[in-house]
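See below for the structure under consideration.
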Amino acid sequence: MDSFEVNKILGALFGTCILVLVTSFAAGAVFSPKHLEKPGFEIAVKETTHGGGGEAAAASSEPIEKLLQTASVEKGSAAAKKCAACHTFEKGGPNRVGPNLFGVVNEAKGEGRGFNFSAAMKSKGGKWTFDDLNKFLTNPKGFVPGTAMGFAGVAKDGERADIIAYLNSNSDHPEKIPTASK
């Protein structure tokens, strides 16, 4: 092999490397990634507050006590299936992304259940009353600002009442359904 042949081979090799390098730079310029200001995706959640206290305004014009009078535990069981991705409902059931909800009515907010609640939920205090459950299910982030629960809420009054009736029945000692005040 003479030097002319070696020069042709080396020239082809260097030419190919230069072509690949130029193509890489050109592709990087044309298809440059758009860097995000902050990582992750923003989930749009409608937040409704009133009174400056950060609690969600109930979307219902009727009190939950009145809605519970006609609520259906069976319909609530079916409606609660959308919650089953994150919660369990059976006695002694495991925690998932959210806590087990067996016997949640009239239980302390943000305590026990072997679940690590968010700081916002822990600081909320009090017990899960029918009215508080209604407000929370209407707009979780409006009722407990800073909660880790990413669910947007249940918009329909009747469906919320059915879910609350189901949660109440799902207990060793269900609470008495309150009567609607006049």
For residues 73-82, which side-chain donor-acceptor pairs fall under 3.5 Å, sequence neighbours excluded?
unit_1	atom_1	unit_2	atom_2	d
E74	OE1	S72	OG	3.4
K82	NZ	E159	OE2	2.7

Name every donor-acceptor pair, under 3.5 Å, that has one atom in a side chain of residues 10-18 and the other anywhere in the protein, sequence neighbours excluded.
unit_1	atom_1	unit_2	atom_2	d
T16	OG1	A12	O	2.7

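Side-chain heavy-atom separations under 4.5 angstrom define the hydrophobic clusters, and L19 shares its cluster with no other residue. L21 forms part of a hydrophobic cluster together with F25, judged by ILVMFWY side-chain heavy-atom separations under 4.5 Å.
The two residues K127 and N106 make their nearest non-hydrogen contact at CD-O, 3.4 Å. Contact detail for A148 and S118: the closest heavy-atom pair is N-OG, 3.8 Å. When all heavy atoms are compared, the tightest approach of P140 to M149 is CG-CE, 3.8 Å.
Contact of the E5 side chain with the N7 side chain is not registered, since no non-hydrogen atoms from C-beta on lie closer than 4.5 Å. Looking at H87 and N100, their side chains never come closer than 4.5 Å, going by heavy atoms from C-beta outward. With a 4.5 Å cut-off on side-chain heavy atoms, L137 and F143 do not count as touching. Here the side chains of M121 and F136 are in contact, with some heavy-atom distance below 4.5 Å.
Sorted by first and then second residue, the salt bridge (charged side-chain N to carboxylate O under 4.0 Å, His left out) pairs with a member in residues 83-93 read K91-D172; sequence neighbours excluded.
Under the rule for a side-chain contact (heavy atoms from CB on, under 4.5 Å), the partners of L167 that lie at least two apart in sequence or sit in another chain are F89, L101, V104, V105, I163.
Cluster membership for F102 and Y166, using ILVMFWY side-chain heavy atoms within less than 4.5 angstrom, is not shared.
Heavy-atom contacts from other residues, nucleotides or ligands closer than 6.0 Å to NZ of K156 number 12 or fewer.
Between T138 and R160, the side chains place a donor N or O and an acceptor N or O closer than 3.5 Å (distance only, hydrogens not considered).
Under the 4.0 Å criterion applied to side-chain N and carboxylate O atoms, D132 and K109 are assigned as salt-bridge partners.
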